[in-house]
Amino acid sequence: MKIIVLSIFVSVFCVKSIYPLHMDELVMPQESIDFVNQSQDLWTASSSWVGEMTIAEAMQYTHTQIKPSTFKEYDWGLILNFLTIPQGFDSRNQWPKCIHPIQSQGKCSSSWAFAASEVLSDLFCIASKGSTNIVLSAQYIISCDYMNDGCTGGYADLAWEFMANGVPTSSCIPYYGQTTYCPSTCSNGLEMTLYYPSMMYTYIGQTAIQAAILMNGPVQSTFMVYQDFMSYSGGIYTHVTGAYLGNLSVKIIGWGSQNGFNYWICANSLGSSWGLNGFFFIAFGQCGIDSQAISGVPQI
Ligand SMILES: *[C@@H]1O[C@H](CO)[C@@H](O)[C@H](O)[C@H]1NC(C)=O
Ligand SMILES: *[C@@H]1O[C@H](CO)[C@@H](O)[C@H](O)[C@H]1NC(C)=O
């Protein structure tokens, strides 16, 4: 019963708040954490990561834009008729060496660049069966992609368009967490080796996103973030309380099912002390997480 009430609540209220935000208030005061914990059993909130974080501080992470992707929708043809989508799938079990560690965007709204570079890094490893095992540089995208706005925000599909001109690794250009000049050599002065996606695609809807992950590996998606999300510490996230803060782009690596609830397994870029060691589960359909996803084909 609680779950039914919750899902009605969620579908009605997962929209932008009309109330003004008080930027200096705590993003998740203790009473909101208690409310999340007491009003439902799907996920738990904790103050351990948010601490005394204000709404203004939380919003430093969420300036990523959502818009319909300009990439053509992947044409599955008859594949989906013959593909059996399992109840659960986790890229970390399927390709253990290729799902790279959680990163941290710091106080920079660069989730659009992290999710894009992380997805492409994992796809290179998966498609090359581990022989091209690299972590691509989110910093290079932030500093050099003039179609986007560095630490003040960006679009996922524009990040991929930028990556199509080549991206070096993060050992060549490490992360500084701020928009810098665009480097033309590695930070140690050596020449850059660039990696490229060739084709880029949009996947629309849950089945297409599942099929894309099953066949090729992780995808990028951008969803709407509410205050309560920042305090997520485990379980299947559904929006319970708090106002809309902005958007985050994440890497979806799989899905699962628990007590009849289907959820996506996602990698965030807020460090490994956030959420479930940096990952989170979010219910299907929540806050736009599966309305569209994008990825590309690594050029090996
Ligand atoms: C939230 O609820 C969970 C599970 O009921 C509990 O383990 C945790 O201590 C609670 N956290 C807070 C901050 O109340
Ligand atoms: C989130 O995306 C929406 C839709 O593109 C956009 O209007 C909004 O400005 C974005 N939020 C932030 C904080 O960038």
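Starting from 1, each residue takes its place in the sequence as its number.
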Any sub-3.5 Å donor-acceptor pair from Q139's side-chain atoms to G177's backbone N or O? yes

Is the backbone of V36 close enough, under 3.5 Å, to the side chain of Q40 for a donor and an acceptor to pair up by distance? yes

Kindly say whether the aromatic ring centers of W95 and F89 come within a distance under 6.0 Å. yes

Heavy-atom count around Y146 OH within 6.0 Å, excluding the residue itself: above 12? yes

Without swapping roles, check the side chain of S91 against the backbone of G254 for a donor-acceptor pair under 3.5 Å. no

Quick one: do Y61 and Y155 end up in the same hydrophobic cluster if we chain Ile, Leu, Val, Met, Phe, Trp and Tyr together by side-chain heavy atoms under 4.5 Å apart? no

With a 3.5 Å distance limit and no angle check, can you tell me whether Y226 reaches the backbone of V240 through a side-chain donor-acceptor pair? no

For the rings on F280 and W274, is their centre-to-centre separation under 6.0 Å? yes

Could you label the plane-to-plane angle of the Y203 and Y74 rings as parallel, tilted or perpendicular, counting under 30° as parallel and over 60° as perpendicular? tilted

Would you compute the distance between atom SG of C172 and atom CG of L136 and round it to the nearest 0.5 angstrom? 10.5 Å

Identified ring-ring contact (aromatic ring centres under 6.0 Å, His included) counterpart of Y263 within the set W43, Y237, F281: F281

Short side-chain to backbone donor-acceptor contact, T169 and V135, under 3.5 Å: no

Donor-acceptor check, side chain of D145 to backbone of M147, threshold 3.5 angstrom: yes or no? yes

Taking T70's backbone N and O only, do any of them form a donor-acceptor pair with D157's side chain (distance below 3.5 Å, no angle check)? yes

Report yes or no: does S143 contribute a side-chain atom to a donor-acceptor pair with the main-chain N or O of T180 at less than 3.5 Å? yes

Give a yes or no answer on whether the side chain of S137 reaches the backbone of I173 with a donor-acceptor pair at less than 3.5 Å. yes

Answer with yes or no after comparing the ring centroid distance for F229 and F223 against a 6.0 Å cut-off, counting only values under it. yes

When you measure from the side chain of S111 to the backbone of S249, do you find a donor-acceptor pair of N or O atoms at a distance under 3.5 Å? yes

Which atoms form the tightest heavy-atom contact between I55 and H22, and what is the distance? CD1-O, 3.4 Å

For K67, look at atom NZ and say whether over 12 heavy atoms of other residues, nucleotides or ligands are found less than 6.0 Å away. yes

